[in-house]
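Each chain gets a letter, A, B and so on, in the order its sequence line appears, and its residues count up from 1. Excluded from the calculations below are hydrogen atoms, water molecules and symmetry mates; all remaining heavy atoms, backbone and side chain alike, are included. None of the values given here were measured: they were computed from a predicted structure.
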Amino acid sequence: MRKTKLLIGAMVTAMLSGTAIAETELTVYTAVEAEDLKKYAERFNEDHPDIKINWVRDSTGIVTAKLLAEKENPQADVIWGLAATSLLLMKGEGMLEPYAPAGLEGLDPKFRDKADPPSWVGMDAWVAAICVNTVEAEANNLPMPTSWKDLTNPVYKDHIAMPNPNSSGTGFLDVSSWLQIFGEDEGWAYMDGLHENIHHYTHSGSKPCKQAASGEVTIGISFAFRGAKSKAEGAPLEIIIPSEGIGWDMEATAIVKGTDKMDAAKTLVDWSITDKANMMYNEGYAVIGKQALAKPVEHFPPNIPESMIDNDFEWAASNRERILAEWQQRYDSKSEPKG
Amino acid sequence: MSQSEPYLRITGLTKKFGEFTALSDVSLEVLEGEFICFLGPSGCGKTTLLRAIAGLDIQTYGSVEQAGKDISELPPAERDFGIVFQSYALFPNLSIERNVGFGLENLGQSSEQVKKRVAELLALVGMPEQGRKYPAQLSGGQQQRVALARAIAISPGLLLLDEPLSALDAKVRVKLRHEIKQLQHKLGITTIMVTHDQEEALTMADRIVVINNGLIEQVGTPEQIYREPATRFVAEFIGAMNFLPASAGDGGEIRIGKTPVRVQGVDLPEGASALLAAIRPEDIRVGEGVENCVDARVESVEFLGPFVRAELSSEMDAGPLYADFSANLVREQSLARGSELRITLPADSIRLYPA
Amino acid sequence: MTATTATAAPRGRPVRARSSRDDRQMLAFMGVIMLYLVIALALPLYAILSKSFQNKDGEFVGLANFLEYFNTPALTHSIQNSLTIAVITTLISVSIAFTLAYGLSRSCMRFKGTFKVIAMVPILVPSLLPGIALVYLFGRQGMIRELLFGHDIYGPIGIVISEVFFTLPHALIIIMTALSIADARLYEAAESLNASKLRTFFTVTIPGARYGLISAAFVVFTLTITDFGAPKVIGGGYNVLATDIYKQVIGQQNFEMGAVVSLILLLPAGIAFMVDRIMQRKQVALLSARAVAYEPKPSPLFDWIMFAWAAVVSVFILTILLTCQYAALIKFFPYNLSLSLKNYQFDLMDGGGWASFYNSLELAGWTAVVGTAVVFLGAYMVEKGKGFHAGRALFQFLAMLPMAVPGLVLGLAYIFFFNAPDNPFNFIYHTMAILVISTITHFYTVAHLTAVTALKQMDPEFEAVGASLKSPFYRTFSRVTVPVCLPAILDISIYLFVNAMTTVSAVVFLYGPQTSLASVAVLNMDDAGDIAPAAAMGMMIFYTNAGMRIVHGLLSRGVLRKTQSWRNR
């Protein structure tokens with residue numbers, strides 16, 4: 001019977017994992033773009049062929065919720081590639097194992113948990129951006145926006161898509177950065193105005209940009225990395241870095257407290273901040289943990305590092321629940337038929 | 001088994017389906033080698049009784065003994081019988097050979113033995129060389145024979161036939177009736193057949209069990225059942241019968257209307273003053289007899305082939321009286337509507353029932 | 001030899017029938033399958049019910065969750081939306097299905113067979129697929145968006161079109177059956193009374209098919225209100241109950257509110273189910289009155305009108321299908337229309353890659369094999385076994401229940417039940433096993449009814465004959481019952497296979513990192529904005545199902561001809 005096979009399989013794995021590192025399988029939770037997962041695992045295995053990575057990927061909000069839901073009985077060994085705000089939340093819940101990986105000193109101090117040893121270490125920065133479909137903008141006679149405020153201009157009505165912050169890390173990044181840039185009251189007022197122009201909210205952070213790329217909407221509030229990718233595929237996209245500054249978050253790495261594969265987990269976290277790993281992140285992201293190694297990324301706007309706001313991750317993490325509830329109250333409840 | 005001990009003994013059998021009582025305190029004994037027919041109208045409980053004997057629908061109360069062993073509580077698989085259903089229930093996906101051999105294969109016989117026995121059985125039911133066909137390729141009568149062969153293949157002690165002939169057309173039915181009876185005689189197998197067809201029961205059975213409303217009305221040979229119906233129901237159900245309102249008279253006589261009529265060989269039902277006198281149409285004689293002679297008039301005649309059924313009115317003034325006269329007699333006496341004649345009701349042909 | 005006259009009082013103690021080994025074995029089998037239904041259906045449903053009365057910490061809070069629900073206009077508004085969509089879809093789908101069925105059964109049009117095959121196509125694809133096609137047809141860059149006259153396809157319009165596509169075959173099958181039992185003698189009578197065609201239609205045709213129409217309406221209504229594929233893909237901001245459950249659970253991990261919405265969704269689905277059962281029963285009653293089959297007579301004008309209509313419906317269905325295939329092969333719609341296979345590089349996208357396609361094949365295979373065995377054995381034991389009537393009735397009830405339970409509700413119920421840390425079955429969570437179990441359970445009812453119908457058509461005395469021949473039940477079962485019921489068994493397995501390939505609703509809550517599925521991949525790729533790969537994966541599901549259907553057809557015809565030669569005289 002299949003069930004018994006599964007059971008025996010689970011028992012065998014459990015027995016092996018305690019003893020030999022030679023065949024360790026790590027369950028790694030991530031929100032890294034799906035198309036990059038294979039590459040990340042392959043590069044890591046070039047140096048550590050004895051550790052197999054089993055990815056569990058979903059959008060940031062989902063992975064976060066999943067990790068929190070599994071708090072009592074964690075399934076993940078390592079988190080590799082999740083928003084720092086989310087990791088801060090987990091640190092607060094005491095779910096992370098503090099660990100100072102080898103080579104920590106080479107990392108930009110912004111890209112690590114302030115505690116010593118740090119509970120998480122950063123990989124790359126992932127920045128908000130506006131994807132504008134130039135063909136559609138022209139066809140609809142729309143001016144090119146240059147700031148966040150521009151997006152509340154009624155000419156953009158029903159031309160904008162943005163991710164729902166409840167499920168998307170990018171969405172939360174946008175909302176929390178607006179609240180920091182404009183202040184709480186003005187921030188919500190800004191979103192009220194923006195909401196009038198939004199055609200729909202998406203589940204994932206990359207969808208608005210992909211939809212802009214294919215002309216399903218004219219403007220997608222998304223993140224720069226996604227825009228650059230789509231542009232590389234030949235989409236008529238302009239990636240706008242709004243003048244008020246852009247929210248950003250780090251993709252970061254951490255060990256889940258209670259893992260019974262601590263050695264392998266440490267090996268992975270060590271590797272995640274090596275030069276090799278950073279250069280790998282640089283293939284898609286302009287801003288990385290070891291910025292000295294960074295080369296310009298094709299299709300990325302050059303002014304990103306300067307535009308990144310001084311993001312208060314602690315504030316964002318500790319107010320996350322309140323912000324999301326408020327957002328849902330205001331907009332999800334009003335996501336009436338617009339067609 | 002000695003003749004004195006019955007092969008099958010049913011005692012106090014009651015079957016209830018919820019509130020409905022299908023069989024009520026039925027007792028019956030069947031001798032080894034007998035051919036018994038359960039006869040009755042549909043819904044009378046005859047099939048229920050058969051299914052209780054088979055263990056298919058086990059009775060609520062009472063016991064069934066077969067060959068001296070109490071089988072009351074046994075499931076069908078642990079009893080010793082072969083059964084043929086009205087639908088034959090031949091396995092449609094198996095060839096005739098396989099159908100007949102189905103039970104044999106369970107007995108652990110070699111395939112050679114099975115093959116030989118199947119061939120024997122098919123020959124026995126008059127269907128040699130047909131073994132490779134499938135049931136759907138056979139006529140109804142042929143299917144019936146196969147079902148019979150399958151049922152007797154494992155040499156059961158008891159053969160149960162549940163309305164086996166009712167799905168067949170009249171000619172085939174008559175032919176098979178004869179064949180089944182012969183086969184049963186040849187094998188000497190104790191057989192119980194359920195039927196609602198009195199002709200079938202009268203021609204085939206050693207004894208008939210007439211059932212009505214979950215009760216046994218009468219058990220007897222076909223002759224007894226026909227000649228001496230024990231109850232009004234049996235008299236009415238089997239054959240044609242005149243029922244004449246009557247009352248008890250003096251000295252063993254009865255009165256039909258104002259006419260005193262002598263009866264012979266029957267007792268007056270106890271305590272009943274209102275009676276029904278019953279006489280079969282074929283027992284009414286034309287002409288002056290020694291007793292019970294009355295004047296009658298032909299009201300109508302109905303030609304039924306070998307005989308004529310005449311509707312008579314008589315001086316007894318007890319409603320219409322039907323009499324069967326041979327076609328020859330009618331011709332000789334030129335009986336027709338309006339003819340006046342003298343008829344006799346033989347005393348030993350009259351049965352009495354409480355009204 | 002004594003004839004006993006009636007005595008009312010029965011003698012002795014009641015007879016307790018001794019059960020045979022067969023009876024005990026069959027009862028044991030039935031018990032095992034009933035235990036399966038209890039574990040896979042009854043207990044999870046109880047879990048979801050109790051969850052709706054609990055807070056996040058598992059404390060009983062009475063109706064608090066329901067109060068919160070009804071005080072949140074955003075959520076309650078979905079009830080109205082769901083009902084609106086379901087009612088409009090029902091009207092349109094049943095109208096199309098009825099006119100099409102009328103043409104197919106009452107006219108002498110050509111290509112009836114082809115039209116019937118095309119009309120069945122939507123069964124073979126996930127309910128997400130029409131939504132994807134509509135984006136390409138009527139979206140901002142849609143190829144024929146002008147036909148919408150400026151209306152937005154994202155929202156009720158898109159949902160309704162998708163649901164009509166999705167529900168049409170179901171309605172068509174039911175109405176075709178209803179029309180096919182019409183009694184030709186009634187039409188002859190109407191003709192002899194010089195009734196006009198129109199009058200005949202309203203006095204004979206419609207009343208004759210009324211149970212079928214009502215039944216079809218309720219089936220379409222239930223399918224629509226419980227479907228979440230179409231509103232997910234094309235609904236935009238138009239929230240319905242089904243997407244609310246998904247959002248509450250997946251988006252916000254608010255399981256308690258998910259349970260509340262589930263129970264609210266259960267209500268209309270349950271009522272519709274009960275009405276449908278009553279209608280089906282009445283329809284059967286009509287069926288048993290032996291009617292003379294109606295043979296249509298040629299009538300050029302009518303035949304051509306019906307032909308044109310069938311062609312229109314077929315074009316609609318094929319357009320949806322071909323659009324998806326076209327989109328899957330286009331490099332970068334709408335800016336680079338060159339052909340490419342890059343959308344088939346599933347490993348570069350969300351959704352689990354090609355592995356999810358192979359997982360789906362595995363799921364469909366297991367579901368078809370295990371499900372058919374479980375369902376058919378269960379139906380056999382409950383139909384042919386003896387005694388234990390209360391248990392038998394309970395079994396029948398449990399077997400009918402899944403029809404009334406929307407997939408999302410079942411999936412959520414599984415989370416509550418199987419993911420509870422103290423559940424001994426916890427180990428199957430996130431495995432292929434739980435996907436197989438949930439899928440079998442989700443589609444149990446129709447499979448069970450198919451099996452029961454086939455078993456009821458068999459001579460009820462086979463088992464009695466088998467017992468009298470001292471044949472153990474399993475021998476009669478394997479030598480006679482299974483071969484005779486083989487067509488039905490094949491029907492059950494293809495039904496389970498196809499549905500396992502297309503289903504999203506229950507499994508979307510249950511798949512694990514190693515057991516992602518093709519249908520869920522369609523959803524997730526669409527979610528991530530990879531709509532062309534989503535279309536490509538959807539078409540992979542279609543080709544798989546179409547292939548299996550062909551295999552099924554060949555099996556039914558070819559192999560069955562061999563094993564069922566007894567059917568042909």
Side-chain angles (χ1 to χ4, degrees), chain B residues 6 11-12 14 24-29 31 51 54-56 58-63 72-79 81-83 85 87-95 98 102-103 105-107 134-137 147 150-151 153-154 156 160 207 209 213-220 230, chain C residues 1-26 385-387 389 457-487 560 562-569:
Chain B
T11 316
T14 295
S24 177
D25 199 18
V26 167
S27 295
L28 179 70
E29 293 179 351
L31 300 178
R51 293 179 71 88
L56 296 170
I58 288 182
Q59 68 277 13
T60 319
Y61 299 100
S63 69
S72 310
E73 302 176 350
L74 295 185
E78 291 168 38
R79 300 189 183 198
F81 68 95
I83 191 163
F85 289 103
S87 65
Y88 322 136
L90 291 179
F91 303 135
N93 61 316
L94 300 181
S95 67
R98 298 243 159 220
F102 197 85
E105 289 165 20
N106 289 317
L107 299 177
Y134 286 93
Q137 295 167 301
R150 183 178 65 180
I154 56 168
L160 303 176
R207 282 195 298 145
V209 179
N213 278 334
L215 294 170
I216 292 183
E217 295 272 344
Q218 187 175 8
V219 181
Chain C
M1 158 215 339
T2 44
T4 328
T5 44
T7 46
R11 306 181 200 179
R13 63 183 176 88
V15 176
R16 284 184 58 96
R18 215 178 299 161
S19 57
S20 65
R21 185 146 45 118
D22 277 1
D23 293 339
R24 288 191 297 274
Q25 284 169 347
M26 290 176 77
K386 282 194 178 350
H389 295 285
Q457 282 170 351
M458 282 202 340
D459 193 313
E461 311 295 7
F462 282 165
E463 282 69 29
V465 169
S468 78
L469 295 175
K470 311 285 176 282
S471 168
F473 85 92
Y474 51 82
R475 189 162 169 271
T476 313
F477 177 75
S478 61
R479 290 279 308 275
V480 179
T481 313
V482 170
V484 170
C485 293
L486 206 52
L560 284 185
K562 225 179 239 174
T563 58
Q564 310 252 317
S565 50
W566 49 272
R567 280 194 197 277
N568 317 307
R569 282 203 171 220

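Geometrically, B:Arg150 does not engage B:Tyr88 in a cation-pi contact, judged by NZ or CZ lying under 6.0 Å from the ring centre and within 45° of the ring axis.
Residue with the most contacts toward chain C among B:Ala77, B:Gly55, B:Ser72, B:Ser95: B:Ala77 (heavy-atom pairs, distance under 4.5 Å). In terms of non-hydrogen atom pairs under 4.5 Å with chain C, the most contact-rich of B:Pro156, B:Ala151, B:Ala89, B:Gly103 is B:Ala89.
With a 4.5 Å cut-off on non-hydrogen atoms, B:Glu78 touches chain C through its side chain but not through its backbone. Only the side chain of B:Ile154 comes within contact range of chain C, with heavy atoms under 4.5 Å apart. C:Thr481 does not touch chain B: none of its heavy atoms, backbone or side chain, sits under 4.5 Å away. Contacts of B:Leu90 with chain C are made by backbone atoms alone, with heavy-atom separations under 4.5 Å and no side-chain atom involved.
Summarising the geometry of B:Phe102 relative to C:Leu469, their closest heavy-atom pair is CD2-CD1, 4.0 Å, with the distance given to 0.1 Å.
Side-chain atoms of B:Thr14 come within 3.5 Å of backbone N or O of B:Asp25 as a donor-acceptor pair.
Heavy atoms from other residues, nucleotides or ligands lying under 6.0 Å from CG of C:Asp459 number more than 12.
Interatomic distance, B:Phe91 CZ to C:Met458 CE, rounded to the nearest 0.5 Å: 9.0 Å.
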